[in-house]
Amino acid sequence: MFMKREDIEKEIEECIKKAKNFSNQGEVASYIPELKNVDENGFALSIVTTSGDIYNFGEKEKIFSVQSISKIFTLIMALKDNTTDEVFSKVGTEPTRYEFNSLIPIDQRAANPFINAGAMTTTSMIYGKSEEEKFNRVMELIKQMSDDGTFTFMENIYKSEISTTDRNRAIAYYLKSKNIFAQNADEVLDLYVRICSIGTNVESLAKLGALLANEGFDIHSSNLIIPQNIVQMTIAQMASCGMYEKSGEYLMKVGIPSKSGVGGAILGVVPNKCGICVYSPKLDKSGNSVVGKNLLKILSADLGLNIFL
C-alpha cells in the first residue's frame, strides 16, 4: 500500500462495489435463533496496517458476535498457558473436509483447533480457578492484542446459543469420554459458548489482526504482546484450517490467512502488512460470509495482498 490515502480509499471502495454484487446470495445463520435477527444487509470493513493506518467503510461501529473467530483467541490462550507439545498432543493441525460441528474428524483427537471439537479442546486448556477467571483472562488478552476496549459479552447471543447447543454438548461429552480433558464437560462447553458470544466491531478485530501481522508486536508501542512462535502457529492454522471445510479452496483463490465466524465476520491477516475484518452476515453453506469471502478475494487481487505472490 504505497499509494496516497485517497487513492487507496478509492481502490477499496471499488473492491466493495464489486463484492456487493454477491449480496443476493447466502442466508443468515439460523441454528442460533438470535443470529436470525440481524440485518442481513449489514456491511462493514476495516483494514488496519502494521504502520497504524486505519481504513473504515460501512457500519464500522456495528457490534456483532465473533462466533468462530474466537477460536483464534482460545488457541493463543492455550499456547500461552501450555507447551506446544501439550496443546498439539490433544488437538491436531490438519484441515478436514467435514463440517465445523461434525463429530467425524475427532478420532483420537480433534483434527484442528478451528473446528468446534478443537476449540473446545483448547478452551479446556485455559488456566484459571473458575470459569469467570478464565473468561476474563481471554477478554484481557484480546483487549491487549487490539489495544482496544470495544469487546463486550453479548448475553442475548450466549443465552440463545447455549439453549440450542445439543450438538456441541454431544461433542463436549465425547471429548470427555476420550479423556481429551478432565474437566466437567458442561463447564467446558459453557466457557466455549461464552467466548463465542464476545461482541465487537470490525475495527477492533482488524487491530487484533494487525498485531498478528506485525509478528505479535503492538503496532504503536512496539511491545511484544504475543510470542512470535505462537503468532506463526496461529497464522499457519488460519491459512490451512480457518475457513471450515473450504479452507484449501479459499487459500488457493484468496491467499490471505483468515478465520470466519457464523456471526458474519471474517478476519484476515496479511503478514507484515495489515489485519482486515469484513462483516456481512449472509453465509454460504459452509458458514462463511458470501460478500466477505468475495471481498477478500477482490482486495487480495487488486491491492496485492496474496501471500503467495
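- Judged purely by atom type and a 3.5 angstrom limit, Ser70 has no side-chain atom pairing as donor or acceptor with the backbone of Val66.
- In this structure, the side chain of Ser160 does not engage the main chain of Ile157 through any donor-acceptor pair within 3.5 Å.
- Taken together through direct or relayed side-chain contacts under 4.5 Å among Ile, Leu, Val, Met, Phe, Trp and Tyr, Met125 and Tyr192 form part of one hydrophobic cluster.
- Hydrophobic cluster of Ile54: the remaining members, joined at side-chain heavy-atom separations below 4.5 Å, are Val48, Ile219, listed by chain and number.
- Between Asp190 and Ile162 there is a side-chain heavy-atom pair separated by less than 4.5 Å.
- A heavy-atom distance below 4.5 Å is not found between the side chains of Tyr55 and Lys60.
- Considering every non-hydrogen atom in both Tyr127 and Arg137, the closest pair reads O-NH1, 2.9 Å.
- Between Leu35 and Ser65, the shortest heavy-atom contact is CD2-OG, 3.8 Å.
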task: Report the C-alpha distance between Asn201 and Ile63 in whole Å, list the side-chain angles of each, state the deciding distance to 0.1 Å, and finish with yes or no for side-chain contact (heavy atoms from CB on, under 4.5 Å).
output: CA-CA 5 Å; Asn201 59 36; Ile63 300 295; 4.2 Å; yes
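- Partner Ile256 forms a side-chain contact (heavy atoms from CB on, under 4.5 Å) with one of Ser300, Pro271, Cys274 and no other, that one being Ser300.
- With Gln237 contributing its side chain and Thr93 its backbone, the two residues share a donor-acceptor pair below 3.5 Å.
- Atom OG of Ser258 and atom CG of Leu267 lie 7.5 Å apart (nearest 0.5 Å).
- Counting only heavy atoms from C-beta outward, the side chains of Lys80 and Ile226 approach each other to under 4.5 Å.
- Side-chain contact, Asn41 with Lys282: no donor N or O sits under 3.5 Å from an acceptor N or O.
- A donor-acceptor contact under 3.5 angstrom links the side chains of Ser68 and Tyr244, judged on distance only.
- Minimum heavy-atom separation, Phe153 to Met139: N-CE, 4.5 Å.
- Of all the heavy atoms in Ile298 and Ala19, the pair that sits closest is CD1-N, 3.6 Å.
- No cation-pi contact links Lys36 to Tyr31, judged by a cut-off of 6.0 Å to the six-membered ring centre and 45° from its axis.
- The same ILVMFWY cluster, assembled from side-chain heavy atoms under 4.5 Å apart, contains both Leu141 and Val87.
- Heavy-atom neighbours of Lys253 NZ from other residues, nucleotides or ligands within 6.0 Å: at or below the threshold of 12.
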field: From CA spacing to verdict: side-chain contact (heavy atoms from CB on, under 4.5 Å), Ile276, Leu305
entry: CA-CA 11 Å; Ile276 306 173; Leu305 302 179; 3.7 Å; yes
field: Asn272 vs Glu215, side-chain contact (heavy atoms from CB on, under 4.5 Å): CA-CA, chis, key distance, verdict
entry: CA-CA 7 Å; Asn272 302 311; Glu215 301 180 9; 3.4 Å; yes
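- Annotation: side chain of Phe135 is in contact with side chain of Ile198 (closest heavy-atom distance under 4.5 Å).
- Side-chain atoms of Lys259 come within 3.5 Å of backbone N or O of Gly242 as a donor-acceptor pair.
- Thr150 and Asp148 are linked by a side-chain donor-acceptor pair at a separation below 3.5 angstrom, with hydrogens and angles left out of the test.
- To the nearest 0.5 Å, the span separating CE on Met252 from OG on Ser247 amounts to 12.5 Å.
- Note on Ile235: it does not cluster hydrophobically with Phe217, by side-chain heavy-atom contacts below 4.5 Å among ILVMFWY residues.
- Between Lys18 and Asp302 there is a salt bridge, with a side-chain nitrogen of the basic residue lying less than 4.0 Å from a carboxylate oxygen of the acidic one.
- In this structure, CD1 in Ile307 is found 6.0 Å from CG in Leu251, a value given to the nearest 0.5 Å.
- Atom CD of Glu132 is surrounded by 12 or fewer heavy atoms from other residues, nucleotides or ligands within 6.0 Å.
- Tyr250 approaches Ile266 most closely through the heavy-atom pair OH-CG2, 4.4 Å.
- Taking the side chain as every heavy atom from C-beta outward, Val202 and Phe57 never approach each other to under 4.5 Å.
- The ring-ring contact (aromatic ring centres under 6.0 Å, His included) analysis of residues 277-309, with sequence neighbours excluded, yields the pairs Phe64-Tyr279.
- One finds the CG atom of Asn214 at 14.0 Å from the NZ atom of Lys273 (value rounded to the nearest 0.5 Å).
- Taking every heavy atom of both residues into account, Ser280 and Gly292 meet most closely at CB-N, 4.4 Å.
- Between Asn168 and Met120 there is a side-chain heavy-atom pair separated by less than 4.5 Å.
- Counting heavy atoms of neighbouring residues, nucleotides and ligands inside a 6.0 Å radius, atom CD of Glu86 exceeds 12 of them.
- Linking ILVMFWY side-chain heavy atoms closer than 4.5 Å, directly or via other members, places Leu191 and Tyr158 in a single hydrophobic cluster.
- To the nearest 0.5 angstrom, Cys196 atom SG is 5.5 Å from Glu161 atom CD.
- Put simply, the side chain of Asn112 gets close to the backbone of Ile115: a donor and an acceptor are under 3.5 Å apart.
- Counting only heavy atoms from C-beta outward, the side chains of Val254 and Lys293 never approach each other to under 4.5 Å.
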message: The test is side-chain contact (heavy atoms from CB on, under 4.5 Å); show your working for Lys90 and Asn82 and say whether it passes.
response: CA-CA 11 Å; Lys90 293 182 178 294; Asn82 306 267; over 6 Å; no
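- Side-chain heavy atoms closer than 4.5 Å link hydrophobic residues (I, L, V, M, F, W, Y) into clusters, and following such links, possibly through other members, connects Leu212 to Phe151.
- Salt bridge status for Glu14 with Lys10: absent, with no side-chain N to carboxylate O gap under 4.0 Å.
- Between Phe181 and Lys176, some side-chain heavy-atom pair lies under the 4.5 Å cut-off.
- Rounding to the nearest 0.5 angstrom, the gap separating the CD atom in Gln183 from the CD1 atom in Ile126 is 10.0 Å.
- Legend: residues meeting salt bridge (Lys or Arg N to Asp or Glu O under 4.0 Å) with Asp39, ordered by chain and number and at least two apart, are absent.
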